Structures are given as structure tokens and as C-alpha cells.
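Read through the structure below, which is laid out as C-alpha cells, and then see the notes.
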Number of protein chains: 2
Amino acid sequence: MPKSKYESIYKDLKLKIESGEFPQGELLPSENSLIPQYECSRNTLRRAIARLVTDGYVQTIQGKGVRNIFIPVDQASFAIGSIESFKESASRNRRAGSTQVLRFVEFTADSRVAARTGFSEGAELYYIQRVHSLDGKPLILNHNYFLKSAVPGLTAEIASRSIYEYLENTLHMTIVNSKRVMTVEKITQIDEKYLELDVNDYNCLAVITSHTYNSDGVMFEFTQSRHRPDYFRFQDNALRRPAIP
Amino acid sequence: MPKSKYESIYKDLKLKIESGEFPQGELLPSENSLIPQYECSRNTLRRAIARLVTDGYVQTIQGKGVRNIFIPVDQASFAIGSIESFKESASRNRRAGSTQVLRFVEFTADSRVAARTGFSEGAELYYIQRVHSLDGKPLILNHNYFLKSAVPGLTAEIASRSIYEYLENTLHMTIVNSKRVMTVEKITQIDEKYLELDVNDYNCLAVITSHTYNSDGVMFEFTQSRHRPDYFRFQDNALRRPAIP
DNA sequence: TCACTTAACTTGTTTGAACAACTTTAAGAT
DNA sequence: ATCTTAAAGTTGTTCAAACAAGTTAAGTGA
């Protein structure tokens, strides 16, 4: 149940592209031919197409049309430019995901934690350490910090299922954006233990550090995700913009 | 010389945010107060703000306003959700970048290369192997494949400066979007040699594989970038969208 | 004082229109 | 036949307007 018209058009076009209804590499029907189909204004249709562009599904060419450049992805992958929980990723890839909570503590941020996470000193936080497994294989070791005032009532039981589901469906919080930084770091003993890694094999892993904001503009989550290197895969679609003069 | 009005407004607001003209964490002036300043329509202003949202600079909150959530980045970083050449990254970070061309060959894609790169079999290609250094330290080992028909006249000399500058300024090609996949891979002997790495230290590196398209919708470049892990840093801003039902 | 309602102000969505810029096709002149 | 020009069709930008939806503050009543 999409709330807006352009969003339902976007989803419909996306589905048709994914299902191969529009030939790959060819031009889509022109705006003027799509407008009567969707019974919308030109602006609304163009808004839907603009999102397909940022998704890397199509390419608009002035004077010519809109080219379908969709390439299906076969491998399991995470986080295609959008925020996705582990549970959502698992179900999207049709795999059996499970989560084990290693630690669940409540504490107050000191200066060291504040500097590292971006929370203010003295903030009441949850710290949660979890391992996400896919088909029984541990893939991700997560260190989550949640702002207690923004995420009240969090429990280890909820953390073992899906925190995002709790945030959105129970607390009715709206997650909006997430600033992420990807790096490669050396394996720690903790990684080695819980991700069942062997230093003689891989001695590093992929680390995604993220600051996440809700619709009130409050940074309520800081997370460090440590990914098994041999299963880590991160997709992206970048748009080239005029260089800064 | 921005060609469009919304783009110049976007750049102006971006500059004001970066320079701290708008207090961090606070709301920006409302649309109705900005419209007379920029002498534009509401749609045009909103379009500029929409880009600031995707950049992760601001956060719009319905009924309240637009919150400045910009956090300055101190460390050198590459490719913030946009396509950027090594030369541009270096100059943005005010560092001295240099490029060494290791190999420059022309060849025809066989079935193996076609499968790996996505080019069609029999396509005439350039293969270029380069090392990018920052302040004399080798950081990136690049394997580039360019479609000869789309990028004619490429030489090793051009490759040692900036290929993108040649594409955009000489060939007047417009680069549009790039599909990227990030993974972590084990170091090869070639990596070890040219990136001056020690297997006993790090034994993996960050790999970015990208398919890049021009404004004609032609995939003209396939590149594998192998990054020194201790200097690799990739930034991103992700937007949460309603989950697929 | 307190709770409720209303009004004002904010961003979000949709429509319609006009013109610009670019590409392709068709028509015309040589 | 060939080149030039014009027209039609495409996406790109900008404007103006109206209403919806959410937040805040002021006002009103008890």
C-alpha cells in the first residue's frame, strides 16, 4: 500500500523491468505514452523515473528516451544503497537467517565512547553484541549502540529477532538515513572466535560503521558491522555529476 | 558555471552548510524564507534540497523543517556516492597524486574476458594496468578495460595523466552512472609487488569492481580497483525506504 | 491552571503549463 | 542522389497553484 502515486508507479515500473517486460538495453516507452497508462501528470511520472535512475535501473538520455540498463544479480548481496536489516537481506536472498545475542548491557557513555560513536557524553545507551548467521554459518559480528531515550524498552529477546522491526512496527519510529563508512580492518580475537575464522586464512575483514538517524533528526544508532571477508559483497550505483570548478 | 538554477542553489546551500553558516543540528530557514532569497519557485528550491538529502547533508521533517545533519570529514576518503577519478579525489583531499602505467595493451575479448567483464565476445578493448600513489605511497592497483569503439585514441601517455579528463574534455563523452561492487579479496603476488604490501601484515585488500556507462547507455568501462586496506575508506549515505510487502 | 480547539506555519504530493535542449525523421532544395 | 532545412518527438528545467499532512503556538473554554 504505497502512500503516494509516484511511488506506486515507481514500484510498477521497477517490477516490469525486473521481470523483463521491457527489453534489456532498449528504450522504455516514452513519457507521453506512459502518462495515460498511469493516469498521472508528467511530473509525477518523471519523479518515478528519477528514482529508477538513482537505483541504476534506467538511464535517461535527453532527446532520445529512457534506456533500460538493468542487470539481474545472481549472488547474495547486502545493502544496495538502501538501509536494510539483516533479516530483510536474508529473506530477499531467500536464505535462512538467524541471530545470536552475545551481550546486552545498558550503560552511560563516557568521553571515550562519546568520541568514538558520536553520542554525547553522559547519554544513556544500550550496547548489543550480536552474531548473524546465514544457513548456520556466522557471517556478521555486530556491535550496536542505541540511544535509550529514542529506543525505549529494548530487550535481548527483541535483539535476537529484529530490532528494526521493533523500531518501525512497535515504536512506530521512522528510520530515515544512515551515514556509512566502509573500511578493511585486521581480525581481532573476538572476530576469530565468533565468526569462526582462521588468521592463517584471512587476517582481515570488512567493517561498516554507520550513524543512523530517525525522522526527528536524532542520531539514535551507532553500529559497527564486521563482515566475514569471503561472504562480504556490497553493491552500489554511483551517479556522475559535473566536477567542481 | 552551473547550467541549471536548482544546481546553483544546491551548490550555494551546500557551501553554506559546509562552512558552518547554518548551525549544525539545527533547522535551516524554511522554504518560504529561502524562495525570495534565491528568486525561484518552490519546486526549484525543493529540488536543490532533495539533492542535499541524498548527499546526507540535511534531513527533511514534515511539518517541522529541514535539519542540518552535516558532519565534516577529517580523513582522506574516496568516492562519496559519486563517481570520482583518482585525480579529483587527490585534489579534493589536497594531496599530491601520481599515476604509473604498468601495462597498456590492445586486444580482443575472448569468451573468458567477456564473461568476467560484461563486454561482448570479440569486442576490441584497451587493457590498462596502473598504480595510483598518494604522497609517493602506492595505494591503488587498477585494472581497466575500455571499449575501443567508445574511447578511441587512448594512449599510455593519457592514461598516466587522467583518462576521465580525456574522455570528458577531449572526447566530450558524458559519463553517467557506474554500478559498483565492493568485496574483500586475498592479496596476489602482483598486489604485493606494486602496492608494496607484506603478506605477513595484511593478507587481503578491498576490491571495487565497476561497470560504467556513458550517456548513450553504452557500457564503455570495466574496472577492478584493488585498494591498500590500511588506506581504504569508502563513504556512503543510505536512505531508508518502505520495505517491500 | 489545565485541557482542548483552532489557527498558522512547516514540508509532501499532484496537477498543468510553457519553454529549452536534444535527437530523429521527414520534407524540400539543389 | 545528396545535402540542407524544417518539423515532430523526446527528455530537461522552471514556474504557479492547490490541497494534504504534520508540527507548533496561540487562543478559548471550563
Side-chain angles (χ1 to χ4, degrees), chain A residues 1-11 13 22 26-54 57-69 172-174 176-177 213-218 239-242, chain B residues 1-11 13 22 26-54 57-69 172-174 176-177 213-218 239-242:
Chain A
M1 50 190 72
K3 34 189 168 302
S4 55
K5 204 171 186 175
Y6 76 87
E7 197 174 331
S8 64
I9 297 173
Y10 158 76
K11 284 186 179 174
L13 287 173
F22 300 126
E26 300 297 314
L27 298 181
L28 265 60
S30 73
E31 292 175 356
N32 281 326
S33 64
L34 288 174
I35 288 169
Q37 290 184 36
Y38 289 110
E39 291 177 336
C40 66
S41 70
R42 188 169 165 231
N43 279 339
T44 302
L45 176 68
R46 285 176 62 77
R47 194 165 174 179
I49 293 175
R51 267 184 59 167
L52 293 172
V53 171
T54 66
Y57 273 50
V58 300
Q59 184 68 243
T60 62
I61 309 167
Q62 184 172 170
K64 291 188 72 173
V66 180
R67 174 164 279 128
N68 174 11
I69 57 169
H172 298 100
M173 173 187 278
T174 310
V176 183
N177 75 328
Y213 295 74
N214 65 13
S215 60
D216 293 326
V218 177
L239 302 177
R240 171 80 173 173
R241 302 218 176 98
Chain B
M1 52 193 73
K3 34 187 167 300
S4 55
K5 205 170 186 176
Y6 76 87
E7 197 174 332
S8 65
I9 297 172
Y10 158 76
K11 284 187 179 175
L13 287 172
F22 300 127
E26 300 296 314
L27 298 181
L28 264 61
S30 73
E31 292 175 357
N32 281 326
S33 64
L34 287 175
I35 288 168
Q37 290 183 36
Y38 289 109
E39 292 177 334
C40 66
S41 71
R42 189 168 166 233
N43 279 341
T44 302
L45 177 69
R46 285 177 62 77
R47 194 165 173 182
I49 292 175
R51 265 184 61 167
L52 292 172
V53 170
T54 66
Y57 273 50
V58 300
Q59 185 67 245
T60 61
I61 310 167
Q62 184 172 171
K64 292 189 73 173
V66 180
R67 174 163 279 128
N68 174 10
I69 58 170
H172 299 99
M173 172 187 280
T174 311
V176 183
N177 75 329
Y213 296 73
N214 65 13
S215 61
D216 293 327
V218 177
L239 302 177
R240 173 79 171 173
R241 303 223 174 95

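Quantities reported herein were computed from a predicted structural model and do not represent experimental measurements. Just so it is clear, the values below take in all heavy atoms, side chains as well, and ignore hydrogens, waters and symmetry mates.
- Per the geometry, CD1 belonging to A:Ile49 stands 7 Å off P belonging to D:dT11, to the nearest Å.
- Proximity of A:Ser41 to the phosphate of C:dT14: no side-chain N or O atom is located under 4.0 Å from OP1 or OP2.
- Residue A:Ile61 is in sugar-phosphate contact alone, with no base atom involved, counting any heavy-atom pair closer than 4.0 Å across all strands shown.
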Kindly determine whether A:Leu34 and A:Gln37 satisfy side-chain contact (heavy atoms from CB on, under 4.5 Å), including the steps that lead there.
CA-CA 5 Å; A:Leu34 288 174; A:Gln37 290 184 36; 4.1 Å; yes
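- When rounded to the nearest whole Å, the span between CD of A:Glu31 and C1' of C:dA21 equals 14 Å.
- In this structure, B:Thr44 reaches the D:dC15 phosphate: one of its side-chain N or O atoms is under 4.0 Å from OP1 or OP2.
- Residue A:Asn32 has a polar side-chain atom (N or O) positioned under 4.0 Å from OP1 or OP2 of D:dT10.
- At whole-Å resolution of the value, CZ in A:Arg67 and P in C:dT23 are 13 Å apart.
- Atom CZ in A:Arg42 sits roughly 18 Å away from atom C1' in C:dT13 (whole-Å rounding).
- Across the protein-nucleic acid pair, B:Glu39 atom CD and D:dC15 atom P stand 10 Å apart, rounded to whole Å.
- Side-chain N/O atoms of B:Lys5 include one lying less than 4.0 angstrom from OP1 or OP2 on D:dC15.
- Checking B:Asn43 against B:Pro29, the closest nucleotide of DNA chain C that is more toward the 5' end is the one next to B:Pro29.
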Full working for side-chain contact (heavy atoms from CB on, under 4.5 Å) between A:Tyr38 and A:Lys5
CA-CA 9 Å; A:Tyr38 289 110; A:Lys5 204 171 186 175; over 6 Å; no
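- The shortest distance between the side-chain N/O atoms of A:Arg46 and the OP1/OP2 oxygens of D:dG12 is below 4.0 Å.
- Proximity of B:Tyr6 to the phosphate of D:dT13: a side-chain N or O atom is located under 4.0 Å from OP1 or OP2.
- Side-chain atoms of B:Thr54 and A:Thr54, non-hydrogen and from C-beta on, never get closer than 4.5 Å to each other.
- A:Arg47 has no side-chain polar atom (N or O) that falls below the 4.0 Å cut-off from OP1 or OP2 of C:dT14.
- One can place NZ of B:Lys64 at 16 Å from C1' of C:dG12, the figure rounded to the nearest angstrom.
- Scanning all heavy atoms of the two residues, the minimum distance from B:Ile9 to B:Cys40 falls at CD1-SG, 3.8 Å.
- Here the closest non-hydrogen pair linking B:Asn68 and B:Val58 is CA-CG1, 4.3 Å.
- The distance between atom CD1 of B:Ile9 and atom P of D:dT13, rounded to the nearest whole Å, is 13 Å.
- We find that CG of B:Leu45 is positioned 14 Å from C1' of C:dG12, with the value rounded to whole Å.
- When distances are taken from the side chain of B:Ser30 to each of D:dT13, C:dT10, C:dT14, the shortest belongs to C:dT10.
- For C:dG12, the OP1/OP2 oxygens have a side-chain nitrogen or oxygen of B:Thr60 closer than 4.0 Å.
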